[in-house]
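Scroll down for the structure; my scribbles are underneath it.
Residue numbers start from 1 in every chain, and the chains themselves are labelled A, B, ... in the order their sequence lines are given, proteins ahead of strands.
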Number of protein chains: 2
Amino acid sequence: MATIYEVSKLAGVSLATVSRVMNNNANVSDATRKKVTAAMDELGYRPNSIAQSLASNCSNSVGLLVSELQGPFYGPMMSGIENTFRNQGKHLIIAAGHSDEEREKQGIEFLISRNCDALILHVEAVSDDYLIKLSKGRTPFVLINRYISELSDRCILLNNIKGGYLATKHVLEQGHKDIAYISGPAWKQDAKDRLEGHKQALAEFNLEFDENLLFQGDFMEASGYEGLKALHQQTHPFTALICANDEMAVGAMASARDLGLTLPKQLSIMGYDNVFFTRHVYPQLTTINYPINEMGRMAADWVLNQVYQKQTPPLQTLFEPELIVRHSISQQ
Amino acid sequence: MATIYEVSKLAGVSLATVSRVMNNNANVSDATRKKVTAAMDELGYRPNSIAQSLASNCSNSVGLLVSELQGPFYGPMMSGIENTFRNQGKHLIIAAGHSDEEREKQGIEFLISRNCDALILHVEAVSDDYLIKLSKGRTPFVLINRYISELSDRCILLNNIKGGYLATKHVLEQGHKDIAYISGPAWKQDAKDRLEGHKQALAEFNLEFDENLLFQGDFMEASGYEGLKALHQQTHPFTALICANDEMAVGAMASARDLGLTLPKQLSIMGYDNVFFTRHVYPQLTTINYPINEMGRMAADWVLNQVYQKQTPPLQTLFEPELIVRHSISQQ
DNA sequence: ACATTAAATGTAAGCGCTTACATTTATAAC
DNA sequence: GTTATAAATGTAAGCGCTTACATTTAATGT
């Protein structure tokens with residue numbers, strides 16, 4: 001591999017000049033610029049990015065920590081981020097945290113030790129305090145789907161209360177009065193917010209929230225399955241079920257079929273996230289759109305703007321959910 | 001950030017000795033090793049991986065090029081790879097090629113210019129010649145789901161002929177005699193192989209392959225939809241449809257419903273890949289398992305073994321498909 | 001033509017490590 | 001106590017760039 005030294009030799013200029021044309025900032029005359037690029041072409045020169053990083057103290061890499069590399073949720077997010085960075089010559093180092101505190105911390109440590117210029121974190125298990133302390137460190141980061149008031153300018157969020165409200169309101173508008181709810185884990189903020197929105201809509205329709213119609217799941221498919229089974233056994237009847245995410249909704253659908261319920265006639269089911277497979281289930285799932293791809297893009301823009309001082313579209317931190325009507329809610 | 005220099009100062013030893021304890025190879029006495037690690041702890045020292053890379057000419061990073069970051073297929077693959085590398089201190093730089101020749105080349109160039117020690121490629125559009133030329137370069141790579149005879153030792157493959165055979169054989173065993181087929185694009189080897197397997201099974205049952213029952217799709221959902229619509233209009237009736245992947249199968253399912261066919265009674269549908277959402281569609285899709293996660297792991301092991309000279313489980317390059325029976329095939 | 005200033009280029013010191021080689025110290029053999 | 005040999009440590013030269021600063025060259029004003 002040719003080095004900058006050989007290029008400078010061939011072009012008959014100094015190292016510094018070659019470096020200048022590479023970073024095309026400084027004042028270089030057109031004539032020498034041409035000489036240099038010609039030499040580069042002739043040698044097939046490619047700058048060594050490691051050496052550049054060491055000398056400039058900028059690795060041009062940003063770390064991304066997600067809970068899972070697989071699953072329907074993170075793909076679009078990663079995709080949005082990768083897309084934005086690729087055009088800017090930045091690269092993405094990816095790690096998975098598996099929603100486990102230790103592994104999330106490890107992942108963050110790992111990414112920092114790889115000299116990432118910035119981090120994009122979708123973390124769940126790590127504490128607020130940890131993140132606040134991290135924010136004092138040298139590596140800037142932005143959070144997706146997590147709110148910490150001390151770090152509010154770097155939290156990219158969905159308005160989950162609104163989403164929860166929209167979901168329940170739609171079900172109510174179809175005439176349902178007895179609505180069961182399978183929530184996410186109580187310690188997760190998004191789960192709490194979605195439930196909060198649910199209660200708001202109920203209140204708006206002068207309906208009381210019934211604890212018996214609440215099952216606490218964990219956002220995984222299996223808990224949707226178990227949830228409906230459990231709810232089906234208690235005494236308060238219901239005609240609709242709202243699930244705090246699509247995975248649980250799909251689990252509930254399987255459960256409903258096992259219970260012999262025809263969908264959506266005997267039970268309406270609402271999801272949340274608008275994950276891509278919601279169009280594939282039968283009946284197609286009515287759900288709330290989570291613009292995760294856009295939010296990923298925004299996180300990338302945040303980094304470009306705040307860390308690399310690039311021109312970007314205006315930064316936005318709060319995103320709005322949207323109702324997606326399909327066929328899983330029946331008219332009552 | 002503390003540097004190796006400060007550590008050596010505090011520990012009262014030379015740079016070289018500190019470096020030695022970091023790479024715990026050379027002969028260092030227990031006493032000095034302790035002194036050094038103590039100094040490291042005290043300073044909260046973390047080696048600068050960029051400097052390490054420059055000096056050692058090894059970036060400890062491996063590039064991964066996939067077609068898409070989203071979608072059901074690549075998630076498990078990336079996951080398998082990330083998992084394997086994380087424990088070894090290697091990191092993954094990810095890029096997407098979008099099945100487009102130019103973008104795939106760009107992605108490869110990009111990864112190489114980031115000084116990856118090795119590449120794992122899932123490429124489709126780039127030519128054999130290009131890859132053969134690439135193999136002469138300084139960056140070693142392994143291919144997933146692509147066979148090039150000149151590079152056969154670094155091609156990690158699924159036995160697609162066998163998979164195609166298994167799929168059709170199962171359908172035949174359920175008593176179907178008239179079987180339509182929606183294939184992938186004719187220029188893709190895996191599509192050709194799957195179709196080849198289909199024909200083999202047909203021959204084994206003394207059935208003739210009927211061109212009228214073949215529709216060429218492109219592995220995307222929409223082409224499954226269009227495919228069934230088209231097949232439904234030709235004159236040769238059929239009771240089963242085999243799709244060369246799950247996405248097209250799902251598209252065909254939607255099409256079937258639009259045509260008023262009840263599934264699987266009036267039409268049996270078989271998929272391929274065993275992507276995770278096949279369990280969620282209704283009826284649950286019978287399909288062929290593609291052990292993509294394991295193949296990802298194997299690619300990572302290949303790199304660990306061949307590039308980093310690590311001990312790994314024995315390398316394997318050919319993987320076997322497996323029939324997954326669910327509920328989308330009726331008994332005839 | 002000369003001084004003044006700006007633009008273009010060169011010089012050389014790092015960035016934080018690794019590693020070949022040189023040197024010192026400990027261990028063993030006689 | 002020597003000398004031979006191995007183990008432990010130190011020295012210093014890079015790895016391929018960037019960049020502050022110094023120097024040269026060109027442009028401008030008078």
Below 4.0 Å: OP1/OP2 of D/dT9 and any side-chain N or O of B/T32:
yes
Is any side-chain heavy atom of A/D117 less than 4.5 Å from a side-chain heavy atom of A/K90?
no
Using a cut-off of less than 4.0 Å, is there contact between a side-chain N or O of A/N48 and OP1 or OP2 of D/dC17?
no
For B/Y290, check ring-ring contact (aromatic ring centres under 6.0 Å, His included) against everything at least two apart and list the hits.
B/F73
Using only modelled atom types and a 3.5 angstrom limit, is any donor from either the side chain of B/R20 or the base of D/dG10 paired with an acceptor on the other?
yes
Does a side-chain N or O from A/Y5 land closer than 4.0 Å to OP1 or OP2 of C/dA12, or not?
no
Within the structure shown, what part of the strands sits under 4.0 Å from B/V18 by heavy-atom distance: base, sugar-phosphate, or nothing?
nothing
Kindly say if B/S56 contacts the phosphate of C/dT18, meaning a side-chain N or O under 4.0 Å from OP1 or OP2.
no
B/K9 NZ to D/dT11 P, straight-line distance once rounded to whole Å
13 Å
Less than 4.5 Å apart, any side-chain heavy atom of B/E124 and any of B/R146?
no
Does B/Q52 place a side-chain N or O at less than 4.0 Å from the phosphate oxygens OP1/OP2 of C/dT18?
yes
Measuring to OP1 and OP2 of C/dT18, would you say a side-chain N or O of B/S19 lies under 4.0 angstrom away?
yes
Are B/S29 and D/dT9 close enough that a side-chain N or O sits under 4.0 Å from OP1 or OP2?
yes
Who pairs with A/E6 by side chain to side chain donor-acceptor pair (under 3.5 Å), at least two apart in sequence or on another chain?
none
